[in-house]
Amino acid sequence: MVDFSQNAEAITSGANLSYWQLVRRRFVRNRYGMIGLVACVFILFTAVFAEFIAPYHPETKDRKTIYSPPQMIHIFAPDGGLTRPYVMGYAEEMDPVTYEITFVSDPNDVRELAFFVKGDPWTFLGIEFDRHLIGTTDGSFVHLIGTDSLGRDVFSRMLIGTRITMLMGLLVMGASCFIGTFVGVSSGYFGGTFDMIVQRVVEFVKSFPDLPLYLALVAILPRRAEPMTIFIMFACILVLLRWADLSRELRGKVISIRSMDYVRAAVAVGASDGRIIRRHIVPNTSSHIIVWATYQLPEVILLESFLSFLGVGVQAPMVSWGTMLNQVRDFQSLAAAPWLMAPVGMIVISVLAFNAFGDGLRDAMDPYSHD
Amino acid sequence: ADKMPEEKSLSGVQYELIGRDDLYTYKALPQYNQAPFLDALVAAGKLPPVNERLPKEPVVFKTGAMVDGLGEYGGVFRHVIGGRPEGFNWLAGQHQGWGGINMAVQECLVRQGPRWQIKSEEQSGPLPNLAKSWEWNSDMTELTMHLIEGAKWSDGDPFDTQDIAFWYNDNVEDTNVASRITAGGFGGGAKLEVIDDYTFKFIFPSAQSNTLIEGLAYIQGCPGPSHILKDKHPKYNSAASYDDYLNAMPSDNVPIPVMGAWVPVEHRPDEIVIMRRNPYYWKVDEAGNQLPYINEMHFKLTTWDDRTTQAVAGTGDFSNMENPGNFVEALKQSQDPSAPVSAKFGPRTLAWRIELNYAANMAASDYDKELRNLFRNLDFRKAMSHAIDRDAVGQALARGPFAYPYMGGFASGSPYYKASATFYTPFDQASAAEILAGLGLKDTDGNGVLNLPGTGDDLVIDMVYKAQRNDDRKQVDAVTSQLAEVGIRVLPKSVDETSFDPMRNSGDFTAILQRANFILPTRETCGNLPVSDICPAFHLTGAEGRDMLPFEAELADLVTKFNATDDAAAQAGYADRMQTILSENIYNVGLVQIPAALLVNKRVKNAHPGTPVFMYEWAEDSVIRERLWVPADQQISELLPNTVAEY
Amino acid sequence: MDFLVFFAKRVLVAIPLLIGISIVSFAIILAVPGDFVDTWIANTSAQTGKSYDELLPQAMIMRERLGLDQSMVMQYLSWLKNIVFAGDFGMSFEQNRPVVDVIGTRLPRTLLLAIMTLILGQTIGVLLGIYAATNQYRLGDNIATLVAFLGIVIPKFVVSLVILYLLAIVWHSPYIGAINSAEFILQDHWTWAKFVDFLKHVWPVLFVSVWAGQAYTTRMMRGNLLDVMNMQYIETARAKGLSRGKVLFKHAVPNALHPIIMNLGSRFDYMIKGEIEIAIVLGIPTLGPLILSSVGDRDMYVVSAIFMMVAVLLVIGNIFADILLALLDPRVRRATLSKS
Amino acid sequence: MTEPLLKIENVAVDFRTATGLVRAVRGVSYDVARGETLAVVGESGSGKSVTARAIMSMLADNAQVGPETKIWFQGQDISEYSEAQMLRLRGDRISMIFQEPLTSLNPIYKVGDQVAEIIQIHRPMPKQQALDEVVQLFREVQLPDPEARINQYPHEMSGGQRQRVMIAMALANKPDLLIADEPTTALDVTVQAEILSLLKALQKSHNMAVILITHDLTVVEKTSDKVVVMRYGEVVEHGTTKDIFSNPQHPYTKHLLASDPKGTPDPLDPDAAALMQATNMRVAFRISHGGFFSRQKTDIAAVNDISCAIRRGETLGIVGESGSGKTTLGMAMIKLLDANAGQIHFDGQRIDHLSRRDMRPLRPRIQVVFQDPFSSLNPRMIIRQIIEEGLIVNGIGASTAERQELVGRALDDVQMPRDAMNRFPHEFSGGQRQRLAIARALSLNPEFILLDEPTSALDLSIQAQIIDLLRDLRAKHDLSYMFISHDLKVVKALCHNVIVMQHGNVIETGPTSRVLEHPQTAYTQRLVDAAFNVISA
Ligand SMILES: Nc1ncnc2c1ncn2[C@@H]1O[C@H](COP(=O)(O)OP(=O)(O)OP(=O)(O)O)[C@@H](O)[C@H]1O
Ligand SMILES: Nc1ncnc2c1ncn2[C@@H]1O[C@H](COP(=O)(O)OP(=O)(O)OP(=O)(O)O)[C@@H](O)[C@H]1O
Ligand SMILES: [Mg+2]
Ligand SMILES: [Mg+2]
């Protein structure tokens with residue numbers, strides 16, 4: 001008797017979408033989120049294929065150019081015509097009184113750039129390659145972001161540092177996010193003694209004397225511990241110390257959510273606690289979790305660099321942005337070689353990228369947001 | 001053998017070394033002057049007139065040795081230090097704040113710092129100070145010393161052999177007191193005999209050498225105010241415990257009586273120590289002006305890094321700049337006419353090296369044993385030395401001409417260093433590779449790292465360094481990277497400074513990269529030469545004794561000979577031989593050496609160019625602060641003007 | 001009454017926490033090779049050129065005097081005993097002064113700085129967050145996000161070093177290091193001039209730590225505010241005819257403050273641990289550098305005391321946050337108090 | 001007649017959603033004059049609320065108002081007004097009571113302050129004076145104990161009480177136009193009657209115009225001057241109340257008017273066994289009040305020693321004034337709320353001591369439709385997920401496709417289009433959400449359903465269908481219901497037995513016909529009177 005096929009709603013697209021398809025669709029329409037995603041993918045790609053993109057091996061030393069500034073890419077020949085891109089080598093001049101060294105581009109030392117050049121060998125999945133994305137035609141050095149204290153190419157090191165930094169960042173972020181969510185949500189949801197204990201543990205972890213711990217670890221570690229082992233251990237420690245904040249914050253939220261009618265409705269259909277947590281509680285805290293997680297990334301990256309500042313953390317020959325930044329500890333590097341701070345740029349870019357991605361995700365998952 | 005490359009000095013200024021008596025002498029002058037504000041105090045009866053305060057024959061600093069000549073009274077000298085006063089009872093081993101307070105309050109029997117300026121022919125031991133002169137008996141078992149007569153503590157109490165007796169008998173010889181000279185430690189247990197108010201004698205159980213007197217210089221031979229401390233010593237005061245005695249002059253209980261040029265009058269923990277001129281100071285200039293010239297001295301209590309920063313900024317007046325990373329900036333600063341500070345480079349005295357552990361018989365594992373045996377092989381050390389590009393290391397440390405290759409042994413700024421006595425192993429990767437191959441080290445598993453012939457493991461050297469030291473870290477980086485190119489893998493291991501020493505002293509390491517200040521054969525001997533079972537730490541004696549390297553016995557022997565003689569020329573000969581052995585055998589794999597620079601504010605006069613940051617003593621002593629002065633128009637205002645310590 | 005019970009309960013619960021923290025910090029320090037006497041040996045031999053073997057006898061005496069030759073358990077117990085029965089937290093080996101004094105001189109200024117940082121940072125963070133949320137995806141949002149993130153992204157020691165470089169080398173500022181110029185140090189009470197001088201010394205710390213501290217708040221605020229703005233009661237407020245600003249500040253913002261306040265509570269430890277890097281680089285004598293140096297020097301009573309203080313601050317912070325939340329939100333008030 | 005106070009023309013509103021454009025309202029025009037009541041009736045989801053919001057210019061962010069839309073208020077075209085200009089009207093000249101009263105109050109402020117705020121914005125005055133006015137308002141809207149109420153927080157009030165606060169707020173400034181979107185859904189009939197007469201009185205004294213959106217045709221008939229009937233986003237008919245009721249033109253209007261709940265429940269099998277049985281139930285809430293430092297606690301017995309039983313196939317109605325403990329009783333019986341005392345038996349099995357986990361197998365057999373459908377739908381799930389959840393956890397439907405079909409069927413049952421599956425709860429109208437909640441309960445084929453005001457937001461035609469549906473299901477599957485409602489007509493049409501509650505106690509119980517036709521207590525009498533006589537004389 002009522003004909004509801006001609007309901008007032010003119011649905012232009014009637015496809016049956018799952019929730020995640022919906023989220024994806026909304027995400028794709030979000031410009032910032034997409035830019036963030038593309039940038040993240042790009043960064044991760046860089047991390048994976050760093051050796052190919054980087055012109056040199058991170059330990060390759062250009063003995064003649066220590067602390068040499070970035071080389072500009074020129075596309076105009078000295079006489080004005082357009083040529084294939086090239087850089088110029090530097091001639092050094094030393095002030096006889098202050099011993100300050102200045103670098104002047106040497107027009108006689110032109111180094112032409114090329115793609116897919118042969119260079120330092122690198123291996124990927126056990127196969128050895130020797131092509132690099134960029135390099136010079138004659139094999140002379142090109143340092144797009146200058147060199148460091150040993151004449152190593154900052155650009156290459158930075159790219160390769162992406163790997164360790166991202167690994168550390170994502171690992172610690174992911175794991176502590178997982179633990180924090182798990183513990184926080186369950187303690188808020190179940191309450192009672194469990195909650196009490198968890199809260200005390202959280203308090204303990206939060207006020208844990210972390211600084212002596214870091215120093216202690218280094219001293220206690222076996223002498224010939226591999227940098228990789230140390231790295232993993234530090235990642236674990238960071239995870240153990242970081243989840244607490246999230247779990248405390250989530251707990252509060254969960255307590256208010258668990259008394260919502262929709263949770264009771266889920267109980268009423270017979271959903272198990274696990275399901276209620278996964279399907280109802282966690283998604284409704286996702287906005288918080290995402291913000292927290294995107295905030296963790298820079299935190300971890302910086303903590304890693306602070307640890308390197310203390311002399312613990314990532315050890316040579318592993319390269320990370322943190323260890324690179326650590327070279328900037330005296331006025332020499334600050335004033336005479338500011339390009340050593342280039343990893344800051346990378347940190348900024350990657351953090352903004354992950355953040356834009358996080359925001360986009362948050363908005364796509366927010367039922368109230370549109371477009 | 002290869003010749004050392006030519007070394008370029010950085011101090012730039014040429015100065016002449018002088019004779020001992022050209023620096024200062026003891027004599028009475030016809031008339032004495034004092035800082036003008038003291039006149040009022042004298043007039044008010046708070047102080048006796050200046051000639052009554054001065055000793056009979058004060059120390060007279062020669063104008064000829066002062067670069068800027070006689071000074072003007074007044075002003076403030078601002079130190080910035082990382083140290084903190086622990087207490088003022090230095091007799092019981094307390095320090096008053098490293099970085100200049102110690103040396104300002106403690107005056108010692110003899111003085112080492114200014115020795116750097118003395119011609120080598122006249123280098124016959126330390127300079128006189130509280131002890132005006134001394135002589136040995138013929139068989140070198142008795143040392144008689146004569147104190148300056150009529151000198152007074154800053155509270156007016158006379159300084160005499162009572163203070164010496166209290167220092168020696170009740171502190172050095174009292175095992176309950178952690179004095180800087182341990183009981184029985186001076187000349188194998190010398191006995192003190194007081195002869196009169198100003199004369200005393202040490203009687204030794206066995207014959208001694210003149211070098212022993214160096215042990216009476218700063219921090220060891222510095223008497224304290226017995227008229228204050230005696231009452232608090234358990235021996236004289238049954239109510240007191242040794243703990244009470246240790247804290248008899250707590251750090252915030254100022255002023256205290258000192259013999260030094262300034263008296264601490266204000267201590268704000270963690271903020272500042274303020275010192276005012278000592279009106280009883282016993283040194284004058286040739287015009288009879290009582291020293292010091294400067295009225296007030298500040299010690300801002302912050303951090304060591306801050307010391308250089310503030311000196312560069314001009315808010316501190318003095319710093320031993322040892323961080324090469326700041327050299328160029330500091331130099332640029334000092335060239336700028338408006339800049340507040342001038343940087344004076346001394347000789348190269350800061351040297352870095354790798355210490356390899358030779359104690360193969362103490363190795364914990366087969367691997368360690370094989371590694372240490374490898375280290376004991378001169379060829380291996382040669383290969384390592386060839387593999388290191390010292391120029392690159394130096395440039396990494398500080399861009400510019402600061403660094404000079406270091407081959408082990410004495411730093412080039414040492415008076416005992418001779419380039420001709422030094423063996424040089426130039427950077428030569430080909431030879432390094434060849435030698436390594438000759439040792440049977442081959443990369444058998446193709447991972448780019450050589451394998452040990454015995455255990456077959458990768459050749460991995462774990463190298464300990466101090467985490468906090470930026471310079472050390474840069475060099476570890478460089479060495480790691482360079483050695484990797486010849487197939488030696490270095491695993492850097494950073495350790496904080498406090499863990500570092502126990503680790504080193506117990507020989508629990510494979511290799512260490514650190515800075516070593518080897519300048520005098522008599523100073524830090526243990527860290528450098530095989531003089532005892534626990535010296536040096538990189539070659540300890542194990543349960544099965546010490547398996548000496550072939551040249552180590554001769555080194556030990558040379559040390560003994562050096563100490564036994566007073567003959568400057570003979571000593572130089574022994575030192576040359578040591579240098580040759582050390583560098584030829586690459587006892588330590590030297591890296592680079594650089595000068596340190598003394599940063600002194602430009603308004604401060606009489607800071608002698610070329611003053612080494614560290615040689616016979618740290619620069620705070622070598623620069624002779626009592627004769628520094630500031631022209632009146634550049635003086636900054638005093639916080640406690642017109643006052644002296646009141647007791 | 002409830003309130004007192006609540007308070008007492010929270011304080012009681014904190015006691016085991018404090019004991020736990022003290023045990024852990026003790027254990028960690030003792031687990032690391034080297035003790036204070038090793039520091040002393042290193043310092044002394046660096047300053048005087050005396051060798052390890054020469055200093056050994058003195059070191060023995062010292063260990064005995066400081067009780068460092070006793071077992072860890074004994075050391076811990078006697079330390080605990082002194083705290084409980086005499087309120088004595090031990091001596092700082094390094095400065096030879098009671099720990100209470102050592103911390104006492106630095107605590108007030110640290111707290112002053114920390115509270116200024118906290119208030120400034122949180123206020124700026126909240127405002128920026130509000131701005132970002134109300135300008136979602138517009139230029140303003142992006143700029144706010146960028147500013148917020150630059151603050152946490154650039155390592156604090158790098159920013160501090162840059163500032164120090166400018167101060168020392170470019171500007172020759174007379175206000176480097178310390179918290180007051182020498183002429184004000186002797187002045188025991190605060191005056192306006194002294195405060196201004198204080199600010200001139202510490203602004204870099206404030207600047208860097210505020211900048212770094214606001215980011216999280218900004219992001220949280222933005223996210224939460226966006227959530228709250230969808231609530232029905234915001235509509236009601238609009239329907240009342242309230243202006244946009246009023247709707248925002250009176251109705252939306254207070255409801256979005258929950259996580260910020262929660263976070264504020266757990267940030268109290270930041271008061272002590274927060275500006276370590278900055279203060280170290282800039283040479284500002286707050287508790288931060290003291291932690292690092294005393295950990296480095298194995299000045300263990302200082303370390304333990306500081307870490308216990310961190311724990312106390314956290315407990316206080318959480319109580320503070322709970323109270324603040326309860327004041328703000330009647331629902332929480334009921335939950336908080338009825339739990340007790 | 002004079003110039004109308006409000007006149008809208010060609011109102012058109014679209015919503016952009018992830019799945020496409022929803023055209024909610026098209027070409028709606030109506031007007032209302034001072035002192036007049038315009039009733040807007042129509043199918044749930046027909047755009048009544050959206051149109052009202054469009055007048056306030058308070059549509060959701062994803063709404064687009066068509067360019068042809070014209071809205072005149074007091075002769076001014078307010079569709080062109082800036083936000084600042086609208087601010088002056090809102091809450092002062094035009095007030096609106098939103099459909100969802102439960103979430104419309106700011107949880108952190110006292111209700112008194114929230115009402116005082118609206119007074120102070122538009123008529124600056126000291127706080128105390130405003131509060132005095134609030135007390136007066138609260139008294140007018142029949143809130144008991146108004147002096148104490150102003151210091152309560154929203155969460156301390158029942159739904160009906162909150163709704164009255166909202167009404168007080170809307171009336172605070174004596175607006176020229178009051179838009180009341182289902183203002184009495186959470187009120188029991190007696191209070192409803194008083195509120196409606198209050199509105200009438202105010203209308204007289206202030207010459208206020210009222211747009212009343214409601215499903216209750218009795219109310220429409222008794223209170224309104226003109227009626228607009230909407231369906232599918234369009235106006236299908238409008239005219240004076242008398243005309244429409246006596247002579248409806250449009251088939252939908254006819255259908256609507258004919259949909260008044262009718263009939264009586266099918267007779268109950270006298271031998272049916274008791275399915276759900278509660279004995280001596282007692283639920284008390286601990287209420288704390290007073291300041292932060294001086295708390296006091298009192299226990300309120302929301303359900304006080306109540307016993308009841310529902311036999312298989314029986315529909316038990318529960319009526320009673322707002323706050324009398326109906327919801328609490330129901331929730332406690334199905335163990336979504338912990339009772340302080342009492343025994344519960346379900347299908348012969350004692351369940352009151354079962355743990356959450358042990359209850360789980362029973363859950364699909366016992367279903368519930370919450371009183372507030374909005375908050376019972378997870379805002380982050382699309383409808384399909386919400387309805388599917390019960391299927392998944394109970395292993396009903398093997399594949400996604402199969403489950404999707406089941407969900408679709410459940411939607412069909414409640415007259416919702418299948419494409420509703422892909423939308424979020426907030427994108428529906430109140431009545432639609434209520435139907436979604438019912439669909440969720442039905443999808444599990446339960447044996448017992450607790451229906452807490454399941455039809456309060458439904459228009460009569462849909463309501464009739466839902467009632468038919470419930471009856472069908474009962475007939476087919478022998479379903480039992482516990483039916484909580486204010487609407488005695490529906491109760492009469494559906495329930496075999498009723499319980500009348502007041503203050504947590506049972507006042508009267510018995511077969512529906514007896515209780516409602518021959519009430520034994522004055523309280524019941526009052527309820528019945530009010531229900532069929534919506535406006536007190
Ligand atoms: N924010 C929104 N997004 C998408 N669609 C919406 C939104 N708000 C309302 N709608 C749709 O607009 C239509 C009209 O809704 P409206 O709330 O006006 O209905 P109503 O007539 O008030 O119904 P009821 O009587 O059930 O409250 C409905 O079909 C609803 O689904
Ligand atoms: N969680 C709670 N905390 C405190 N009191 C509550 C709570 N829930 C309900 N109450 C109180 O219990 C009483 C009964 O509430 P209940 O919701 O059962 O009423 P109701 O009969 O369903 O009313 P309505 O018809 O308005 O929905 C009311 O006085 C209410 O204020
Ligand atoms: Mg509606
Ligand atoms: Mg109810």
Side-chain angles (χ1 to χ4, degrees), chain A residues 30-32 196 199-200 202-204 206-213 215-220 244-245 248-249 252-253 255-256 287-288 290-292 294-295 298-299 301-302 305-306 309-310 322 325-326 328-331 334-335 341 344 347-348 351-352 355-356 359 362-363 366-369, chain C residues 13-14 16-17 20-21 24-25 28-29 31-34 136-137 142 145-146 149-150 152-158 161-162 165 168-169 215-216 219-220 222-224 226-227 230 258-259 262-263 266 269 273 276-277 291-292 295-296 303-304 306-307 310-311 313-315 318 325 331-332 335:
Chain A
N30 181 327
R31 196 151 42 97
Y32 291 97
M196 233 283 294
Q199 285 317 301
R200 297 291 86 75
V202 166
E203 258 162 32
F204 181 77
K206 279 237 48 178
S207 42
F208 198 85
D210 48 351
L211 210 63
L213 180 73
L215 296 180
L217 275 172
V218 183
I220 293 167
D245 275 326
R248 155 163 268 139
E249 287 161 20
K253 269 206 136 119
I255 287 180
S256 68
S287 153
H288 191 105
I290 291 172
V291 173
W292 190 86
T294 45
Y295 177 78
E299 282 262 302
I301 295 179
L302 290 185
S305 89
F306 176 56
F309 175 80
L310 296 180
L325 276 178
N326 244 318
V328 196
R329 266 168 65 171
D330 47 32
F331 294 153
L334 194 70
M341 288 196 276
V344 169
I347 299 182
V348 173
V351 165
L352 289 181
N355 193 59
D359 273 2
R362 179 204 163 277
D363 291 344
D366 175 3
Y368 288 93
S369 78
Chain C
V13 165
L17 177 72
I21 294 297
V24 169
S25 46
I28 291 180
I29 291 198
V32 184
Q136 196 185 4
Y137 290 131
N142 293 319
T145 305
L146 191 71
F149 269 93
L150 282 184
I152 39 169
V153 156
I154 307 178
K156 285 183 247 174
F157 69 87
V158 174
L161 202 64
V162 171
Y165 179 78
I169 294 197
Y216 188 66
R219 305 301 304 156
M220 273 294 159
R222 177 184 180 274
N224 275 293
L226 285 175
D227 285 352
N230 290 322
H258 278 215
M262 285 290 287
N263 183 253
S266 49
D269 62 330
K273 295 203 273 187
I276 295 187
E277 286 166 79
I291 301 184
L292 199 65
V295 167
V303 177
S304 302
I306 291 183
F307 277 97
V310 170
L313 271 184
L314 266 167
V315 172
N318 283 324
L325 261 190
R331 292 168 299 180
V332 179

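Naming: A, B, ... by sequence-line order, numbering from 1 per chain. Please read these numbers as outputs of a predicted model, since none were measured by experiment.
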The interface call for C:Leu325 against chain A, heavy-atom contacts under 4.5 Å, is neither

### Task
State, to 0.1 Å, how close C:Gly223 and A:Ser287 come at their nearest heavy-atom pair, and which atoms those are.
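Between these two residues, the closest heavy atoms are O-OG, 4.4 Å.
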
Residues C:Leu226 and A:Arg362: closest non-hydrogen pair is CB-NH2, 3.3 Å

Under 4.5 Å from any heavy atom of chain C - which part of [X]:
X	answer
A:Ile347	both
A:Ser256	neither
A:Phe204	both
A:Met341	side chain

Exercise for the section: Could you walk me through whether C:Asn224 and A:Lys253 pass the side-chain contact (heavy atoms from CB on, under 4.5 Å) test, one step at a time? Expected result: CA-CA 11 Å; C:Asn224 275 293; A:Lys253 269 206 136 119; 3.2 Å; yes

Once rounded to the nearest 0.5 Å, what's the spacing between atom [atom1] of [X] and atom [atom2] of [Y]?
X	Y	atom1	atom2	value
A:Asp359	C:Asn142	CG	CG	9.5 Å
C:Ile21	A:Glu203	CD1	CD	10.0 Å
C:His258	A:His288	NE2	NE2	12.5 Å

Notebook entry, point to check: Out of C:Leu146, C:Asp227, C:Leu150, which one racks up the most heavy-atom pairs below 4.5 Å with chain A?
Noted result: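 Winner by heavy-atom pair count: C:Asp227.
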
In terms of heavy-atom pairs under 4.5 Å with chain C, the winner among A:Leu352, A:Asn355, A:Ile301 is A:Asn355

